[in-house]
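Source: prediction; values computed, not measured. Within every chain, numbering begins at 1; the chains are lettered A, B, ... in the order of the sequence lines, protein sequences first and strands thereafter.
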Amino acid sequence: MELKNKKWTHDEFYAIREDILKQWPTGAEVDMAEAFKYHETIPAKKHFAKRLVKAKKNGETLTQPRAGVALINEHINLLNFLRTEGEADLLPTTIDSYTRQNQYKEAENGIEESKRAGRSLLNGFPAVNHGVAGVRKVIESVDGPLQVRHGTPDARLLGEITLAGGYTAYEGGGISYNIPYAKSVSLEQTIYDWQYCDRLVGIYAENGIEINREPFGPLTGTLVPPSVSHSVAIIEGILAAEQGVKNITLGYGQCGNLFQDIAAIKALEQLADEYFAKNGYNDCVLTTVFHQWMGGFPQDEAKAFGVISWGAAAAALAKATKVIVKTPHEALGIPTKEANAQGLKATKQLINMLADQPFPLSSEVQTEIDIIKAETRCILDKVFELGNGDFAKGTVSAFAAGVLDVPFAPSKYSLNKILPARDNHGAVRLFDTGNLPFTQDIIDFHRIKIEERANSEGRKPSFQMVIDDIYAISKGRLVGRPNRS
Amino acid sequence: MELKNKKWTHDEFYAIREDILKQWPTGAEVDMAEAFKYHETIPAKKHFAKRLVKAKKNGETLTQPRAGVALINEHINLLNFLRTEGEADLLPTTIDSYTRQNQYKEAENGIEESKRAGRSLLNGFPAVNHGVAGVRKVIESVDGPLQVRHGTPDARLLGEITLAGGYTAYEGGGISYNIPYAKSVSLEQTIYDWQYCDRLVGIYAENGIEINREPFGPLTGTLVPPSVSHSVAIIEGILAAEQGVKNITLGYGQCGNLFQDIAAIKALEQLADEYFAKNGYNDCVLTTVFHQWMGGFPQDEAKAFGVISWGAAAAALAKATKVIVKTPHEALGIPTKEANAQGLKATKQLINMLADQPFPLSSEVQTEIDIIKAETRCILDKVFELGNGDFAKGTVSAFAAGVLDVPFAPSKYSLNKILPARDNHGAVRLFDTGNLPFTQDIIDFHRIKIEERANSEGRKPSFQMVIDDIYAISKGRLVGRPNRS
Amino acid sequence: MQKDRTKIVLGVIGADCHAVGNKILAHAITAAGFEVVNLGVLVPQEDFVNAAIETDAKAILVASLYGHGEIDCRGLRSRCDESGIGDILLYVGGNLVVGKTDFTEVQDKFLGMGYDRVYEPGILPDQVIEDLKSDLAKRGHFSE
Amino acid sequence: MQKDRTKIVLGVIGADCHAVGNKILAHAITAAGFEVVNLGVLVPQEDFVNAAIETDAKAILVASLYGHGEIDCRGLRSRCDESGIGDILLYVGGNLVVGKTDFTEVQDKFLGMGYDRVYEPGILPDQVIEDLKSDLAKRGHFSE
Ligand code: B12
Ligand code: B12
């Protein structure tokens, strides 16, 4: 296999499909032709892609939780509760971590143990093990648009089963579901495997079935600078579009500084339009997702509500198409359905109260937009160059060179040379820009911002500052000031 | 008695003091000379006025709850819990409603019933009945600055007892504790009675004991336009300053539109400085208090957390000196100490996360500042004129003429001719400006803003719109749109 | 026309000054075709009874928001009995007790005090009007 | 110098990819004077044991954040026994079970599995280092 950003032919696709469906017995249940018919029976109001398009048109910000348990009926009850009690606009099915690592035997075992224990011992819904029939039980018993949310480097079988099962949205990507989620899987491999997923969605599209795709924006969720996650999001969007995906949602994880967060969403929209057009993908509908703070949360539930509400406010003011909602249990464990609904309701209250309040682009926001766009262009154009005009090839070389680099990533394919830290206003900057292909101006900008803060704290910039920032929000602050935390 | 805004002589003050102390037996415990000595023993960190001055200097926003129960020990436990578990910077003692109406017998009965029931049947702490000795138990057992918060038209005896007891801050005023809290007590009467309280604080000041005074900013707490509450706040500030008060906190109740709320605090600071200087009160320290939404709350606790957090965010971005915090129980009942602490912690989390984020004056904020200042000047200058240069006299005539008018006020001395409603962005405007002495430009501004909204809702401005707005936040929105609520 | 309209006494009892709900209720109940005798806030028990007698009202709507309802509302029914209007409709609503409390408890307590209907916090006027109409119709005091 | 430093094996067990805490722990424990053998994330039980044997480590620090700790951490102690390092210190920490759970319950469960110390979610490295030093000192493996 030679990796390139080129639409797979049907032959290339079907050549490997058989083996994939054999990876677990339930693969045999998949019948694409029948699946297309099944999708036509799904009512529009339960259609994820259509709901997003409507929201974008009306300037709405939709709420979506994370949720998944081991057993089918429990999972159905959970989702319906979040829909009715939590007033969720969009629903997820979060997949368990064994399935994410293709460990279906362990997942089976988790299902059995969960049945015995009478509570879910899995941190998500093992869709592959439940198979097409099981998945359809969920689709048919839940009244709302449903998306598969996971973190799976090789999500090909999962994709085949859940799409055949009737899901209308599928999260993930060859970079965003490798670098934060894996340790030693090569990018060639995951990008290639995700081309399969995108091509699968493309084939659904060729048959008139629109499936939404969403690269995982927040990556490691911990002090990721907007330009880094934006670069990954746009590359994955382009790779998906090349395989024929038509409905794409690009994501960003809240950093916490209001101006930077609003600017990040605006910049993401503008950059995506720019690079999609530049690369000739003109028939995709692009929407955005804002993730409430993805790093360490305060254990105190009231304080967690504060963090959740601030994320809701930023999402609403930035006018993101949807917001992924955290819960008051975040720091401690997978939320109960009640805690999950609470996060959704607090978020809904703020989104509704802010829906009528436009937030004009102040000069502060515009400055952030400009720097994010400048940084992202530096990265994307270098990736393109390294790939000799191919974003798939370029991505592999770019990570090897540290041109693309994700802070705190577990993958050995990320250099981990960059070190983020907050500036004196809480915006996420780079204390060390590593090998990011930034101009000297940009490098100086970051140095000055970090020095500004260091001076105000009377200490030198250091790794301790990074650590302090990692803990800051869980300790009740945004910036990890020395004496305060 | 002829009411005028003129500092009382000691003779005038002491002439009526005897009778006041006789209103209830505990009045006999008051010995001012001894009280001065007692105050000197109060450590600086428990000193309300000093803590506010420090906060203003450091640009902090301090948190303060509302809290009060019938019995002394329960009240002490409550306050200490809010201090330690709730991380409250400032502490209150909310007085019960019988005491507020000088119904000390009913208060006594409430104390007895509470002892029997084993829970507080009073909605606050009956300080007069507990007397100086009882009050000092509280002061000495609680580690934090303490303020008396009430709603008492005639608060003279309450003032004598609580100040002698060691409180270092006293809320209220002749207008703000009459119009929203009484039905048929004349303004001459309450302004006169509050001159007594202010003079009392002035006499403490003459003896080197600084007591903070705070007019009650939010008034009826329900869609009160900033210029209306600012006018009352500044008049009461001036009346207090005339009697020798040196440390004054002016308040404002959140309306819900971010730009209007930030502008309101900025305008309040600027107007207060301007009018205090103009009237020759140059040695007062002025600070501000921002009240989280004072109108109807959602019953759902998660949604209440959303409202609380938004209030915390606005207070922090406006850089108010302190914020009065609501609780997740607001819509249903006096909060448990746990619920009260939860409101405080959510608020603290947001204030800390926003402390490092300056919010520069955008043009939207500046526009709101300008309109608030223009409106307030119209009102204040007319009041001054009606009183022939005397704000006390002017206030009485102004309310009679509707030049000062508070929406939804129970007092028959408020004309209730003005009707507030939200504009299309959720800012509180006037659907009917009544007799407010506004220029034609300002009247047109309000008319246009309301029409803008009415058009977008496809209905005529009407009282129904006002009602919809009163319910809106409790129903999960800011603006009471017809189809949505 | 005016004179055929059924009269309803409305007020906020005791030392309670919460006026917003009172104004909205008065507005809504009037709009619904009743004649509202609104005593406003800070109303002692005797005023409710006297107003009802003077105006020959068919119902008394007592509001208590501030938490002292438990103390303030006791004995109103017997007062009515003593004054010869023992059969008058008595509704009570608002935030009746101190603290967030299970409503059924509160309801029983106030039904026990002799109120015909007890309302949860934040109830909307429509509900109240509907109940008024059906209760009064039963008693032949109201017909649309 | 290098060679006298007591060796500690560190890793995140099972299918768990949470890396941030692991990096911070490695940094802090190294700074505290130990030599950290950091296996990173996604570490199977056998790798912990093999690494401990190869490096003659005195303690194994097992992290599980993602909720499957209950399943993943079982049997590690007996594996150590079988491999002849039965007396090695075993610490476990993170968000060990699925859901917000009373910690004492969780603690008993994992102590029962043979871990010497079980840590609450969000514990700070300082605490861990302090415990390591005292436990190892008791065993004569560490002296400052
Ligand atoms: C606005 C407000 C104020 C304003 C009132 C201004 C004014 N003069 O009107 C101010 C700031 C002055 C104020 C003061 C106080 N308040 Co207040 N206030 C509120 C608040 C936030 C909203 C009330 C409101 O206007 N709602 C909007 C209207 C439309 O709804 P409503 O009043 O609930 O009435 C509706 C229904 O209840 C129903 N209804 C009401 N009465 C009746 C009667 C009948 C017969 C029927 C059928 C229906 C019915 O119909 C109405 C229309 O829908 C409530 C909490 C909340 N609800 O969010 C607290 C609240 C009512 N206040 C409370 C308290 C304690 C006080 C104070 C004692 C101060 C303190 N200790 O905190 C003082 C009282 C002073 C006094 N003497 O009464 C408590 C009562 C606690 C309890 N019962 O356990 C509450 C619940 C807040 C809380 N959780 O602590 N308050
Ligand atoms: C950031 C994060 C992520 C990032 C991780 C990026 C990366 N590769 O590192 C992303 C977004 C990728 C992610 C993914 C998932 N996550 Co996650 N994640 C978090 C989060 C928000 C912060 C974790 C963190 O970095 N904290 C900061 C570090 C410094 O603290 P720490 O990790 O707690 O470690 C400290 C202490 O715990 C202690 N410690 C930790 N281990 C050990 C071991 C020993 C021996 C000792 C002594 C001490 C110790 O020392 C560390 C330093 O102080 C937590 C919730 C939270 N804490 O707020 C959820 C959380 C851990 N994740 C959770 C879950 C379930 C997942 C997913 C399965 C997705 C899902 N279903 O939601 C996937 C897991 C995929 C997989 N295969 O593992 C759950 C676990 C639930 C449970 N245990 O019941 C949590 C608790 C959130 C929640 N409440 O649902 N996650």
Is the ring centre of A:Tyr181 less than 6.0 Å from the ring centre of A:Phe216? yes

Closer than 4.0 angstrom, basic N to acidic O: yes or no for D:Lys58 and D:Asp56? yes

Sort by residue number and list every residue of residues 72-85 of chain D having at least one heavy atom under 4.5 Å from chain A. D:Asp72, D:Arg74

Can you list the steps and then say if D:Leu89 with D:Arg139 is a side chain to side chain contact (heavy atoms under 4.5 Å, CB included)? CA-CA 10 Å; D:Leu89 263 187; D:Arg139 296 161 171 233; 3.7 Å; yes

Is the backbone N or O of A:Asn416 less than 3.5 Å from a side-chain atom of A:Asp405, with the two atoms forming a donor-acceptor pair by type? yes

What part of A:Ser120 is in contact with chain D, defined as an atom under 4.5 angstrom from a non-hydrogen atom: side chain, backbone, both or neither? backbone

Ring centers of D:His18, D:Tyr66 separated by less than 6.0 Å: no

Segment of A:Ala339 engaging chain D (4.5 angstrom heavy-atom cut-off): neither

Side chain, backbone, both or neither: which part of A:Leu121 has a non-hydrogen atom closer than 4.5 Å to chain D? both

Are a donor atom and an acceptor atom from the side chains of A:Thr152 and A:His150 found within less than 3.5 Å of each other? yes

Which residues in residues 117-127 of chain D have a heavy atom less than 4.5 Å from any heavy atom of chain A? D:Pro121, D:Gly122, D:Leu124, D:Pro125

Hydrogens and angles aside, do A:Thr190 and A:Asp193 bring a side-chain donor and acceptor to less than 3.5 Å of each other? no

A:Glu106 versus chain D, the contacting section by heavy-atom distance below 4.5 Å: neither

A:Gly68 backbone acceptor or donor facing A:Arg149 side chain under 3.5 Å: no

Okay, A:Ser97 and chain D: the region with an atom under 4.5 Å from a heavy atom over there is both

Return yes if a side-chain donor-acceptor contact under 3.5 Å exists between A:Asn102 and A:Tyr104, otherwise no. yes

Report the C-alpha distance between D:Leu42 and D:Val12 in whole Å, list the side-chain angles of each, state the deciding distance to 0.1 Å, and finish with yes or no for side chain to side chain contact (heavy atoms under 4.5 Å, CB included). CA-CA 6 Å; D:Leu42 294 160; D:Val12 185; over 6 Å; no

Check whether A:Glu301 gets within reach of chain D through its side chain, its backbone, both or neither, counting any heavy atom under 4.5 Å. side chain

Name the region of A:Arg100, side chain, backbone, both or neither, that has any atom closer than 4.5 Å to a heavy atom of chain D. neither

What part of A:Pro407 lies closer than 4.5 angstrom to a heavy atom of chain D: side chain, backbone, both or neither? neither

Under 3.5 Å side-chain donor-acceptor pair for A:Thr327 and A:Asn340: no

Polar side chain donor-acceptor pair, D:Tyr91 to D:Asp135, under 3.5 angstrom: yes

If the plane angle is over 60° it's perpendicular, under 30° parallel, otherwise tilted; pick one for A:Tyr98 and D:His68. tilted

